[in-house]
Q: 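The structure follows.
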2 protein chains.
Amino acid sequence: MQDPFVCTPVSHHHCISSALDKAETLCRSRNVRLTPIRHRVLELIWQQHRPVGAYDLLEQLQQQGRVAPPTVYRALDFLQQQGLIHRLESLNAFVGCAHPQHPHQGQFLICKSCRSLVEITDPEISTVINNRAEAVGFKPLNQTVEVSGFCAGCWQKEQTNG
Amino acid sequence: MQDPFVCTPVSHHHCISSALDKAETLCRSRNVRLTPIRHRVLELIWQQHRPVGAYDLLEQLQQQGRVAPPTVYRALDFLQQQGLIHRLESLNAFVGCAHPQHPHQGQFLICKSCRSLVEITDPEISTVINNRAEAVGFKPLNQTVEVSGFCAGCWQKEQTNG
DNA sequence: TGTGTAATGTTATAATATAACATCAAAATA
DNA sequence: TATTTTGATGTTATATTATAACATTACACA
């Protein structure tokens, strides 16, 4: 089932802190360290609540002192390993994961117009892909599924405008 | 159904020339120009018959004279637009398309070990993805599906070795 | 032959990412 | 508590991927 969570400007502060709380709990339980830098990077990612590039993050971090690229990339690596963020290959960007509690194959719907993103976690998609891969003798380990198109709102506008 | 074409070292020269012939026919019928540079880039891509980076191609082109990055990227853009090659987002690399006659959503199986690649074109995969996207109000236009794992051969080796 | 368009050349630089090594902080252990 | 070990971060430099901007050339067609 899909988490019907919707983030509105009003609820956004909650969505950020909820994500950070989850992250803290998770890291504690796994006995890994959500250091200040990692925490900060995750926070920045959730503040945007859309795909963010590493150098965007870098720029924001640099407002509080000198930071170099490796620092950001290390934090991103860590957050990815812990399943707290996903990397979007088609955008070279990162986004917070809404349900990091258990590892999963996410699928990403990326709006061409407003650049918003929805993550769905549909077992049927991953199953079909795995089945087809196995049918040709391939052992699937990890899936990248990214769909470019229009979100509901932008699609309406597209249609009325043209 | 999947094209059961298999490229072996022995048949590889044929697979290259077949791809180039198809490309020529296609471009002629579409009234677009498969110029020498574009032809050469496509040839180099098929010679490798695995994902190749733009700068790999550049290096090979430079063996016959000075060439700069934009030249390669323009050729790649053209070939992509014509559906003659695909871009692999998770690798920043390009690979020849085995059936460029009609536009399609390809799915890519990428071997972590030997870096070989298989393209499958499974309508069920694209359909399921589109359905699920539409179910959440999203209008899907383009899919990126890339699966990382082991090809049949390498998976066997993996299992016997460890 | 001119004239417009598409393709390519050329230079510079943007954007993304990592290697390599130094330093520092925390946790684990004696 | 001092020691050691490990993991995290700092720092510098550079690799890799990609594009902007403008000049020049080749081709298609009037």
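Reckoned from all heavy atoms, side chains included, excluding hydrogens, waters and symmetry mates. As the structure is a prediction and not an experimental result, all values here were calculated from the model. Chain naming here is simple, since letters A, B, ... match the order of the sequence lines and numbering starts at 1 in each.
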Q: Over all heavy atoms of both residues, which pair between A/Cys111 and B/Phe138 is shortest? Give the atoms and the distance, please.
A: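 For A/Cys111 and B/Phe138, the tightest heavy-atom pair comes out as N-CE1, 4.0 Å.
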
Q: Under the side-chain hydrogen bond (donor to acceptor under 3.5 Å, both in side chains) rule, collect the residues that match up with A/Glu146, sequence neighbours excluded.
A: A/Ser90

Q: Return yes when atom CD of A/Gln62 has more than 12 non-hydrogen atoms of other residues, nucleotides or ligands closer than 6.0 Å, and no otherwise.
A: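 More than 12 heavy atoms, drawn from other residues, nucleotides or ligands, come within 6.0 Å of this atom.
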
Q: With side-chain contact (heavy atoms from CB on, under 4.5 Å) as the criterion, how do B/Leu117 and B/Leu88 come out once you've worked through the C-alpha distance, each side chain's angles and the decisive distance to 0.1 Å?
A: CA-CA 10 Å; B/Leu117 178 137; B/Leu88 295 157; 3.2 Å; yes

Q: Where do N or O atoms of nucleotides 19-26 of chain D meet protein N or O atoms at under 3.5 Å, pair by pair?
A:
residue, atom, partner, partner atom, Å
D/dA21, N6, B/Arg74, NH2, 3.3

Q: Roughly, in whole Å, what's the span from CD in B/Gln81 to C1' in C/dA6?
A: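 Taking CD of B/Gln81 and C1' of C/dA6, I get 13 Å after rounding.
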
Q: Between A/Arg132 and B/Gln107, is the side-chain hydrogen bond (donor to acceptor under 3.5 Å, both in side chains) condition met? List the steps.
A: CA-CA 10 Å; A/Arg132 296 306 176 155; B/Gln107 295 102 26; over 6 Å; no

Q: What integer distance in Å separates A/Ile37:CD1 from C/dC24:C1'?
A: 12 Å

Q: Taking CZ from A/Arg66 and P from D/dA13, how many angstroms apart are they, rounded to a whole number?
A: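 So the two atoms are 12 Å apart, to the nearest Å.
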
Q: How many whole angstroms separate atom CG of B/Leu79 from atom C1' of C/dT8?
A: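 Whole-Å distance recorded here is 15 Å.
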
Q: Tell me: CG of A/Leu34 to P of D/dA8, nearest whole Å?
A: 11 Å

Q: Which sits closer to the 5' end of DNA chain D, A/Ala68 or B/Ala93, going by the nucleotide each is nearest to?
A: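 Mapping each residue to its closest nucleotide by heavy atoms, the 5'-most match is A/Ala68.
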
Q: If every non-hydrogen atom of A/Gln105 is compared with every non-hydrogen atom of A/Leu141, which pair is closest and at what distance?
A: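 Looks like NE2-O, 3.6 Å.
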
Q: For A/Val147 and A/Phe108, run side-chain contact (heavy atoms from CB on, under 4.5 Å): C-alpha distance rounded to whole Å, both residues' side-chain angles, the deciding distance at 0.1 Å, then the answer.
A: CA-CA 6 Å; A/Val147 184; A/Phe108 301 95; over 6 Å; no

Q: B/Asn92 has an atom CG; how far is it from atom P of D/dA15, in whole Å?
A: 18 Å

Q: In whole Å, I'd like the distance from the NE2 atom of A/His39 to the P atom of D/dA8.
A: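 Going from A/His39 (NE2) to D/dA8 (P), I get 16 Å.
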
Q: Rounding to an integer number of Å, can you tell me how far A/Leu91 CG sits from C/dT16 P?
A: 11 Å

Q: Are any of A/Thr71's side-chain N or O atoms less than 4.0 Å away from OP1 or OP2 of D/dA8?
A: no

Q: Select from A/Gly53 and B/Phe78 the residue whose nearest nucleotide in DNA chain C is closer to the 5' end of that strand.
A: B/Phe78

